[in-house]
Number of protein chains: 2
Amino acid sequence: MSAAVIAMIGRMTRWGPDAKGRLVQSALELYAKRGYDQTTVAEIAERAGLTERTFFRHFADKKEVLFAGSNNLRDLLVTAVAGSPSSAAPIEAVAAGLLAAGVVFNEERRAHSRRRQSIIAANAELRERELIKMASLASAIADTLRRRGVPDPAARLTAEAGIAVFRVAFDRWVDADNEVGWSDLVRGSLAELKVLVA
Amino acid sequence: MSAAVIAMIGRMTRWGPDAKGRLVQSALELYAKRGYDQTTVAEIAERAGLTERTFFRHFADKKEVLFAGSNNLRDLLVTAVAGSPSSAAPIEAVAAGLLAAGVVFNEERRAHSRRRQSIIAANAELRERELIKMASLASAIADTLRRRGVPDPAARLTAEAGIAVFRVAFDRWVDADNEVGWSDLVRGSLAELKVLVA
DNA sequence: GTCTATAGTGCGATAGAC
DNA sequence: GTCTATCGCACTATAGAC
């Protein structure tokens with residue numbers, strides 16, 4: 001057996017499948033069990049069968065492990081907004097984006113999201129990081145609308161309104177006693193916004 | 001001249017009027033001139049004729065000196081929302097709040113606000129602090145609406161939409177080449193939101 | 001790795017307003 | 001005299017320079 005093959009086998013566990021995902025899962029479990037502050041990065045890495053150094057190769061800091069999915073969410077949103085028919089009004093394009101984001105807000109993920117939200121709710125630094133992520137979602141949407149030819153302040157305003165709908169729909173989606181699906185919550189919240197501002 | 005008298009003269013400014021306001025003004029000038037990071041709290045205090053220790057009696061940290069007015073803003077908003085006639089729809093109460101906030105957004109303050117915003121725009125930590133302040137405004141408004149009997153999610157949604165209007169109006173108000181007054185910007189942004197979500 | 005500058009805290013002393 | 005804003009000092013924590 002060649003050294004190359006032996007090395008490859010040696011890496012099987014180290015390079016086990018989805019290292020990043022294992023880190024996310026381990027972090028979520030430990031943050032939930034012992035609290036964010038009481039969990040060290042070393043513990044997260046160990047539980048995932050990795051080292052602290054590897055954790056920081058995947059995530060900029062201890063918080064970021066909880067927000068790894070937000071880039072994916074942003075891409076889903078932006079792609080759907082950008083891909084809406086040019087005949088679609090700005091708010092329709094944004095609505096399409098919010099609905100497209102539902103790919104990650106399915107029933108299998110709901111328990112996971114609930115646990116994640118309760119971790120975030122319990123810690124000021126994590127709540128702040130979430131505000132930053134939301135703000136960056138809003139500017140990504142606004143940029144996309146501008147690229148579709150929507151001028152300011154309409155682009156900014158539509159994006160901010162869209163994020164307002166997102167926040168409300170998401171809060172309801174992770175609410176303990178709620179079983180309504182993502183797309184119904186988005187449509188319902190958007191419809192309610194229309195009524196409220198009318 | 002005795003040492004005691006010299007000491008007394010040195011302390012003349014100690015009980016000068018509006019120590020907090022002097023600290024705010026000094027901080028604004030130094031942050032604008034040399035940048036937030038390149039300014040020390042000791043320098044701010046010295047320029048205000050005070051000591052570092054006194055700075056921290058008035059402000060929890062170096063950032064907070066730029067956000068001292070935000071409690072005042074929140075009170076203006078909340079009071080006006082709470083004081084709206086009970087016949088007023090939620091969005092009307094919020095609009096009344098936004099217009100009432102205009103007390104602090106007058107022409108004399110515009111230059112000051114512009115400088116403040118350019119300082120905040122130049123620094124990530126300050127932008128984050130601003131997000132936090134905005135989020136706390138939104139929840140204060142939502143709470144006030146709930147106290148008026150507006151149920152969730154309408155209260156949350158109206159508050160978030162109101163803050164979206166606030167952000168856009170404020171951005172336009174501090175925009176370099178803009179001379180439109182606060183109330184026109186609020187009414188205009190709100191009217192545009194209505195059109196956009198319709 | 002040590003050294004330095006700065007942020008931020010705790011507590012007791014003091015100066016001046018009342 | 002009381003009350004409180006301010007000061008002085010000693011401290012910890014941490015980020016950056018070297």
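Only this structure's heavy atoms are used, side chains among them; waters, hydrogens and symmetry mates stay out. Residue numbers begin at 1 in each chain, while the letters A, B, ... track the order of the sequences.
Side-chain N/O atoms of B:Thr54 include one lying less than 4.0 angstrom from OP1 or OP2 on D:dC7.
Rounded to an integer number of Å, the gap from B:Arg53 CZ to D:dC9 P is 14 Å. Straight-line distance from the CZ atom of B:Phe55 to the C1' atom of D:dA5: 16 Å, rounded to whole Å. B:Leu23 places its CG atom 13 Å from the P atom of D:dA5, with the value rounded to the nearest Å. Rounding to whole angstrom units, CG of residue B:Asp37 and P of D:dT14 are separated by 18 Å. Distance, B:Leu126 CG to C:dA7 P: 13 Å, rounded to whole Å.
Atoms CZ and NZ, on B:Arg129 and B:Lys63 in that order, are 5.0 Å from each other to the nearest 0.5 Å.
Taking a cutoff of 4.0 Å between a charged side-chain nitrogen and a carboxylate oxygen, B:Asp175 and B:Arg172 do not qualify as a salt bridge.
Side-chain contact check for A:Thr54 and A:Thr51: at least one donor-acceptor pair (N or O, by modelled atom type) lies under 3.5 Å.
DNA chain C is contacted by B:Phe56, B:Ala60, B:Asp61, B:Lys62 of residues 56-66 of chain B, taking any non-hydrogen atom closer than 4.0 Å.
Ring geometry for A:Phe166 against A:Trp182 counts as perpendicular: the plane angle is over 60°, on a 0 to 90° scale with 30° as the lower cut. Aromatic ring pairs are classed by plane angle as parallel below 30°, tilted from 30° to 60° and perpendicular above 60°; the pair A:Tyr31 and A:Tyr36 is perpendicular.
Heavy atoms of other residues, nucleotides or ligands lying less than 6.0 angstrom from CD of A:Glu46 number 12 at most.
Distance from the side chain of B:Leu50 is smallest for D:dC7 among the nucleotides D:dC7, C:dT6, C:dG10.
Defining each end axis of the helix from C:dG1-D:dC18 to C:dC18-D:dG1 as the rotation carrying four pairs' C1' atoms onto the next four, with five pairs an end, the two axes are found to diverge by 20° to 10 degrees.
Checking B:Ile44, B:Asp18, B:Leu28 one by one against B:Leu23, the side-chain contact (heavy atoms from CB on, under 4.5 Å) holds for a single residue, B:Ile44. Just one residue in the list A:Arg47, A:Arg116, A:Arg22, A:Arg34 forms a salt bridge (charged side-chain N to carboxylate O under 4.0 Å, His left out) with A:Glu29, and that residue is A:Arg47.
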